[in-house]
Every structure is written in C-alpha cells, then in structure tokens.
Amino acid sequence: MTAERDYYEVLGVARGAGDADIKRAFRKLAQQWHPDVNKEPEADARFKEVNEAYQVLSDPQRRQAYDMFGRAGVAGAGAGGQSPFGAGGFGGFNDIFDAFFGGSTAGAQRRGRPMQGSDLRYDLRISFREAVLGTEKEIEFPVLGRCDTCAGSGAKAGSAPVACAQCNGRGEVRSVRQTMLGQMVNVAACPRCRGEGTVIDNPCDACRGEGRTERRRSLRVTIPAGIDEGHQIRLTNEGEIGPRGGTPGSLYVAVHVAGHPTLTREGTELFYEAELSIAQAALGTKLMVPTAEGEETEVEIKPGTQPGTEIRLKGRGVPHLRRHSVRGDLHVITTVVVPTKLTKRQRELLEAYAKEGGEHVAPAGGLREKLGLG
Ligand SMILES: [Zn+2]
Ligand SMILES: [Zn+2]
C-alpha cells in the first residue's frame, strides 16, 4: 500500500478551489491516467486515486466532511446505492464518461429511471496489414435489444407500468442513521422496483416484462490505422440495452493483430532483419525489403556494411493512432551470415582472398578430407 495522499494534492488544486476547477483538474488527470490510454504500470492505481478524490471533492457534503475529518469523514459514505452498477461496479462511471466525451449522460442514470444495460466485449482478429492501414469490419454478435412487442416498456399491450407503491415512484428509499458526524441520510435503490420507480402488473409475453429480447446484431466497425494488439474500441450505446427501456451499455471491441512473418512491430516502428552474405556485406548489394503495406521496397546496402548496421526508411512504419499524418519508420538491421558449407571453388577463392590479405587460415583439406571423410 502506498501512503494515502491528500485529495486536493491528488487533483492538484487549492483547498479553496471551486467546482469548475476541480472538474477541470479531474478531466485532465482522468484522460492522462485512463488505463485504456496510459500503459504505464501505475496508471491503474493513479486513475483510481484521481477518481476517488473527485468523487469526494465534487460532492459538497462529502467534501465538507473530508475537510473536517479527512478520509475518516468520507470512508464508505455515499457508496451505498449510488451506482446503478452495484457493488464492484465501475464507480463514478458517469464522471469518467463525462470526462472523456464532455457530454452528460448523468440524467439517464438517476434513480427513478430504468437501469443502464451491460457493457459487451467483442474480440476481433485482424491482419497485420489491416492494423497498419486501418479497415472496416462487419461484426455480428448476440445482444439483448429492445423488445418489439412492448417497445421496451415490459408491459402487455393496453397496459402500462404503474408507480411503485413502496417508494411512491421515486425509485429510492431513505433511511436516517446517527453517526459521529451527526445525522446521515442513506439513500438506496428501492428493492421492490429495483430503483426504477415503476412496476409492471401485466408483463409483456414476448419478454416476460424485461422489455428486451435476445437477437443478433451486425455492425460495421471502423478500425483506425495504427491500431495495435490489445487496443479496445469503445462504441457507446452499442452494448446491451437496459431492462424496460434503460439506456444501452457500451460495446468494447478488443482488437487482436496477427503477427507478420518477417516484420516486427513496436508501436509505430517496424523492424526487419536483413541477412547478408560476407560478399554482399563487403561489396554492397540491393535488397528487397517487405513493407507494412504488404509490398516490397528496394534498399541499397553500401559496400563495407557491418553487422548490426541500421538503415532507416523514414515514414515507412505504422501511422500514429491519433495523428495519422505522423508515421513511424521501418528499421532495416543487417546481420552477416558466415557460410557453413562451401563448394570446392568457393573454398579456393576464399583461401586466395585470405592469402592476398596475409591472413592465416586452417590448411585446406584436413586429414578427414584426405581420407575421403569430409
Ligand atoms: Zn416485451
Ligand atoms: Zn419502488
């Protein structure tokens, strides 16, 4: 466990900061540390910390309690029944959504409204070339969609959902308890209507009152150039629909990229190992090198090229995912292969080469060769 940091310090704001400043600071940090974007090992923890700080400082009551008592004043407070995702759900989901898309979906999640549907994950396999160039893919998957018979209401034709008697249609129940901080009002979703505020007396036959039925959906997904293994594309509102007309969750398309037989990718950079013979390295040559686009390009090897030499083909790498005008490079790295088998003529020529340079080499034709064993 790391030491618990002060929430104001976490967000980098003054203790007297206004709501707008706190929100601005949170957005910036949430974008910076979101684990989908930031691959640093500490991103997850930092993101949670930022989120936690914002949950407290954006709520006037909790902020006041925190100012007076520190973390003890806010521990556990407000956690009950706040999230439509339930325990273990993605706390503060709306705020995160808000931070990323600047929009407001918070209204759709208030108590007394239908629950939001689940998020879905789809694993999509694409080729190396598709990842580099971008592509469009048609995907098909089973999903809970709006019931056509009742138009998602869950109620039988001719009837309608009625206000819940237990919570008078508010969708929430309140209980008051005494704590060291004084009176605390705990608000939880109504157990009878599950926080929706309405109940159905005559359920729709097609969906048994759920307001949704399973179907297959097909969708065209645009895969941006530069996508890499493990990236996720989030399609808001393309997930499962919520019960009785609740807003849909998101669809996460998890991208898996096939390897290339000879190219290695690291982010926007591509690497190719070019094998040269001794003669090619010494005398120079022209090589055909595979490119990201699936073609070949000619690369000149200068005379006297050493093993481990890098020839950089500028802009022949992978496009940057967010700035498509920027492309990485293709790095051709040379290795020199020493022959293990020589024809008689090759051996003679190499011996002559060594002799010319005054180099000592093992005498031609050892004992084994003379005996016919070589
Ligand atoms: Zn129905
Ligand atoms: Zn109720």
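The first residue in the sequence is number 1, and the count goes up from there.
- When the side chain to side chain donor-acceptor pair (under 3.5 Å) test is applied to His320, the partners found at least two apart in sequence or on another chain are Arg323.
- The environment of CD in Glu348 is crowded: more than 12 heavy-atom neighbours from other residues, nucleotides or ligands sit within 6.0 Å.
- With sequence neighbours excluded, the residues forming a salt bridge (Lys or Arg N to Asp or Glu O under 4.0 Å) with Glu310 are Arg312, listed by chain and number.
- Taking the six-membered ring where tryptophan is involved, the planes of Phe26 and Tyr54 are essentially parallel, since the angle between them stays under 30° and well short of 60°.
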| message | Walk me through whether Glu351 and Lys355 qualify under salt bridge (charged side-chain N to carboxylate O under 4.0 Å, His left out). | response | CA-CA 6 Å; Glu351 280 166 0; Lys355 197 174 173 191; over 6 Å; no
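- Using a 4.0 Å cut-off between charged nitrogen and carboxylate oxygen, Asp119 and Arg234 do not count as a salt-bridge pair.
- A distance of 10.5 Å separates SG of Cys147 from CZ of Arg208, quoted to the nearest 0.5 Å.
- Sorted by first then second residue, the salt bridge (charged side-chain N to carboxylate O under 4.0 Å, His left out) pairs that include residues 255-267, not counting sequence neighbours, are Asp228-Arg265.
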| field | Check against side chain to side chain donor-acceptor pair (under 3.5 Å), Tyr7 and Glu52 | value | CA-CA 8 Å; Tyr7 284 149; Glu52 195 187 315; 2.6 Å; yes
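- Screening residues 149-162 for salt bridge (charged side-chain N to carboxylate O under 4.0 Å, His left out) gives Lys156-Asp205 as the qualifying pairs, with residues at least two apart or on separate chains.
- Comment: Glu210 engages Arg212 in a salt bridge, judged by a side-chain N to carboxylate O separation of less than 4.0 angstrom.
- For the pair Val318 and Gly226, the tightest heavy-atom approach, listed with the atom from each and the gap, is CG1-CA, 3.6 Å.
- Contact detail for Glu196 and Pro243: the closest heavy-atom pair is OE2-CG, 4.5 Å.
- Among pairs with a residue in residues 284-304, those fulfilling salt bridge (charged side-chain N to carboxylate O under 4.0 Å, His left out) read Glu293-Arg327, at least two apart in sequence or across chains.
- The ring pair (Phe, Tyr, Trp, His ring centres under 6.0 Å) contacts involving residues 269-309 comprise Phe271-His331, where partners must be two or more places apart or lie in separate chains.
- In this structure, the salt bridge (Lys or Arg N to Asp or Glu O under 4.0 Å) partners of Glu136, at least two apart in sequence or on a different chain, are Arg220.
- By the salt bridge (Lys or Arg N to Asp or Glu O under 4.0 Å) test, Lys39 is found to be paired with no residue, residues two or more places apart in sequence or in another chain being considered.
- Evaluation of the side chain to side chain donor-acceptor pair (under 3.5 Å) rule for Arg121 yields Asp123 as partners, not counting sequence neighbours.
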| task | Please lay out, stage by stage, how Tyr66 and Asp59 fare under the test side chain to side chain donor-acceptor pair (under 3.5 Å). | result | CA-CA 10 Å; Tyr66 177 73; Asp59 179 332; over 6 Å; no
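- No side-chain heavy atom of Ser153 sits less than 4.5 Å from a side-chain heavy atom of Cys204.
- In this structure, the salt bridge (Lys or Arg N to Asp or Glu O under 4.0 Å) partners of Arg217, at least two apart in sequence or on a different chain, are Glu238.
- To the nearest 0.5 Å, atoms OG1 (Thr297) and CG (Leu287) are separated by 11.0 Å.
- Here the side chains of Asn51 and Lys48 are not in contact, with every heavy-atom distance at 4.5 Å or above.
- With contacts defined as side-chain heavy-atom distances shorter than 4.5 Å, the pair Val132/Pro319 qualifies.
- For the side chain to side chain donor-acceptor pair (under 3.5 Å) test, no residue two or more places apart in sequence or in another chain qualifies with Arg345.
- In summary, Arg46 and Glu42 do not engage in a salt bridge, as defined by a charged side-chain N under 4.0 Å from a carboxylate O.
- Side-chain heavy-atom separations under 4.5 angstrom define the hydrophobic clusters, and the remaining members of the one that includes Leu219 are Leu120, Tyr122, Leu124, Ile126, Ile139, Phe141, Val143, Val221, Ile223, Ile227, Ile233, Leu235, Leu251, Val253, Val255, Val257, Leu321.
- Annotation: side chain of Leu270 is not in contact with side chain of Thr264 (no heavy-atom distance under 4.5 Å).
- The one candidate from Leu29, Val56, Val50 that meets the side-chain contact (heavy atoms from CB on, under 4.5 Å) condition with Val10 is Val50.
- Side-chain contact check for Leu330 versus Leu263: some heavy-atom pair is nearer than 4.5 Å.
- The 12-atom threshold is not exceeded at CD of Glu356, counting heavy atoms of other residues, nucleotides or ligands nearer than 6.0 Å.
- Judged purely by atom type and a 3.5 angstrom limit, Asn168 has no side-chain atom pairing as donor or acceptor with the backbone of Arg170.
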